[in-house]
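Each residue takes its place number in the sequence, starting with 1. Ligands are counted one by one from 1 in listed order, and the atoms in each one are counted from 1 as well.
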Amino acid sequence: MDDQVEDFYEVLVIGGGAAGLSGALTLARARRSVLVVDAGEPRNAPAAGVHGLLGLEGTPPGELLERGRAEVRSYGAHVTRGRVRSVEGEAGAFVASLEDGRAVRAARVLVATGLVDELPDIPGLAERWGRDVLHCPYCHGWEVRDEPIGVLATGPMSVHQALMFSQWSADVLFFANGTTVEAEQAERLAVRGIKVIEGRVVGVETVADALAGVRLTGGELVERGVLVVAGRMVARVDFLAPLGLTPVPHPMGVGEHLAVEAMGRSAVEGVWVAGNATDVSAQVGAAGAAGTLVAAQINADLVNAEIDRALAAPRAFSAEAEREVAARAEQGKL
Ligand SMILES: Cc1cc2nc3c(=O)[nH]c(=O)nc-3n(C[C@H](O)[C@H](O)[C@H](O)COP(=O)(O)OP(=O)(O)OC[C@H]3O[C@@H](n4cnc5c(N)ncnc54)[C@H](O)[C@@H]3O)c2cc1C
């Protein structure tokens with residue numbers, strides 16, 4: 001269901017995942033007018049359930065967000081399906097243009113658009129993402145415990161991933177996929193019983209809607225029920241380019257994120273960021289918590305701006321009054 005969108009909001013929340021909806025909830029409860037624009041593609045959409053989330057353990061991602069939308073609406077926030085194409089303007093007067101041609105004005109913007117996992121271009125891999133091609137031991141480890149697990153070397157986190165997954169299964173293979181495994185890393189993998197498989201992975205194969213294994217260059221199929229892959233994590237923030245906000249390389253070499261100050265304040269006054277768009281390692285709980293925290297900062301920022309305006313108003317009035325008195329005196333009317 002889409003709400004009727006008004007012309008102006010105190011806060012525009014771009015992205016309606018855990019971070020955006022949590023932020024919208026706090027802002028709506030703070031009696032702010034809030035619009036959430038959401039493209040409807042949360043990062044964990046392919047997963048069957050959200051794990052590691054206290055009190056909501058295992059809830060399907062879509063159900064969690066549906067409940068969240070109902071909660072923010074119950075406090076008067078509006079939610080609409082759409083994709084923001086660009087944001088222009090300045091604090092107090094931002095204008096967001098949506099792909100469907102709508103435009104919305106807002107005093108403040110909360111960016112909560114998450115990230116995209118750019119996966120290696122290996123045939124058959126992307127189709128299994130979030131099902132048996134996985135990345136996060138805390139999201140999926142319990143569900144795949146004791147399974148034969150393969151870890152594909154894709155970047156700086158791959159050895160770490162293999163070491164972590166060995167906590168859930170004694171059968172972990174590390175597919176070097178053309179990369180060099182340093183001696184120290186090889187030693188650490190060996191201590192955890194993880195064998196390194198040389199050669200390139202050229203395909204991911206499925207039988208009866210389940211992962212069968214990975215195909216190596218030489219043609220050999222190595223049977224695996226699970227493949228662990230670290231995609232390149234890239235913040236979804238192209239629409240901020242007109243404001244001069246662009247993502248920067250993540251310090252851990254795992255992708256690109258929007259760098260912000262503590263509490264989510266961006267380099268552009270009035271634009272705030274929460275969740276995976278800035279913190280690539282945030283799980284659902286952390287993304288939601290960040291949305292709540294940043295929303296409180298935005299509300300405080302608006303309260304302070306309102307106070308500043310109120311304090312400036314009588315001064316402006318008296319300055320004008322003084323000018324009028326002087327003008328009248330000059331004209332001899334006083
Ligand atoms: C396969 C998989 C499984 C996972 N499992 C778990 C788990 O079990 N437990 C856990 O805690 N975490 C899990 N995660 C991590 C979880 O997905 C993230 O922590 C969470 O999604 C971050 O929330 P977010 O609000 O920052 O971003 P998202 O949830 O990605 O929400 C961002 C929203 O913004 C929208 N959007 C993007 N661009 C625009 C735009 N221009 N205009 C409007 N809207 C836009 C998107 O469509 C999306 O709806 C998993 C991740 C993956 C990939």
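Atom 22 (C) of ligand 1 has Asn276 OD1, 3.3 Å as its closest protein atom, hydrogens excluded (heavy atom only). The shortest contact between atom 47 (O) of ligand 1 and any protein heavy atom is with Glu41 N, 2.7 Å. Counting protein heavy atoms only, atom 28 (P) of ligand 1 is closest to Arg43 N, 3.9 Å. At the shortest separation from atom 14 (N) of ligand 1 among protein heavy atoms lies Cys139 SG, 3.8 Å. Among all non-hydrogen protein atoms, the one lying nearest atom 49 (O) of ligand 1 is Asp38 OD1, 2.7 Å. Looking from atom 50 (C) of ligand 1 to the surrounding protein, the closest heavy atom is Asn44 CB, 3.6 Å. Ranking protein heavy atoms by distance to atom 34 (O) of ligand 1, first place goes to Gly15 CA, 3.2 Å. Remark: minimum distance from atom 44 (N) of ligand 1 to any protein heavy atom is reached at Ala39 N, 3.1 Å.
Only the side chain of Asp117 comes within contact range of ligand 1, with a heavy atom under 4.0 Å; no backbone atom does. Here Ala112 has backbone heavy atoms under 4.0 Å from ligand 1, and that is the only part of it that gets that close.
Ligand 1 does not have Gly291 within reach: every non-hydrogen atom of the residue lies 4.0 Å or more from it. Not a single heavy atom of Ala286 sits less than 4.0 Å from an atom of ligand 1. Under the 4.0 angstrom criterion for non-hydrogen atoms, Pro46 is not in contact with ligand 1. Ligand 1 lies less than 4.0 angstrom from a heavy atom belonging to Trp129. The shortest heavy-atom distance from Ala18 to ligand 1 is under 4.0 Å.
For atom 2 (C) of ligand 1, the choice among Arg131, His135, His51 with the nearest heavy atom turns out to be His135.
Checking each of Val222, Leu227, Asn177 against Val201 for a side chain to side chain contact (heavy atoms under 4.5 Å, CB included) leaves exactly one that passes, namely Asn177.
For ligand 1, the polar-atom distance check finds an N/O of Val84 within less than 3.5 Å of one of the ligand's N/O atoms. Considering backbone and side-chain N/O of Ala282, one or more are found under 3.5 Å from N/O of ligand 1. At least one N/O-N/O distance between Val284 and ligand 1 falls below 3.5 Å. Considering backbone and side-chain N/O of Gly285, none are found under 3.5 Å from N/O of ligand 1. Considering backbone and side-chain N/O atoms, His140 never comes within less than 3.5 Å of an N/O atom of ligand 1. Between Ala19 and ligand 1, at least one N/O pair is under 3.5 Å apart.
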message = For Ser166 and Arg192: C-alpha separation, side-chain torsions, deciding distance, then whether side chain to side chain donor-acceptor pair (under 3.5 Å) applies.
response = CA-CA 7 Å; Ser166 71; Arg192 294 293 286 194; 2.7 Å; yes
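Enclosure of atom CZ in Arg232 by more than 12 non-hydrogen atoms of other residues, nucleotides or ligands within 6.0 angstrom is indicated. Environment of CG in Asn304: crowded, with over 12 heavy atoms of neighbouring residues, nucleotides or ligands closer than 6.0 Å. More than 12 heavy atoms of other residues, nucleotides or ligands sit less than 6.0 Å from atom CZ of Arg145.
By the 4.5 Å heavy-atom criterion applied to side chains, Arg108 and Leu302 are counted as neighbours. The shortest side-chain heavy-atom distance between Glu147 and Leu211 does not fall under the 4.5 Å cut-off. Put simply, the side chain of His250 reaches to within 4.5 Å of the side chain of Val280, judged on heavy atoms.
Near Ile14, meaning under 4.0 Å from any of its heavy atoms, are these atoms of ligand 1: 42 (N), 43 (C).
Using a 3.5 Å distance cut-off with no hydrogens or angles, the side chains of Asp2 and Thr80 do pair a donor with an acceptor. Side-chain polar atoms of Glu57 and His51 form a donor-acceptor pair below 3.5 angstrom.
Summarising the geometry, atom CZ belonging to Arg105 is positioned 11.5 Å from atom CD belonging to Glu6; distances are rounded to the nearest 0.5 Å.
At least one test fails for Arg85 against the ring of Phe239: distance under 6.0 Å to the centre or angle within 45° of the axis.
If you look at His140 and Trp168, their ring centroids are not closer than 6.0 Å.
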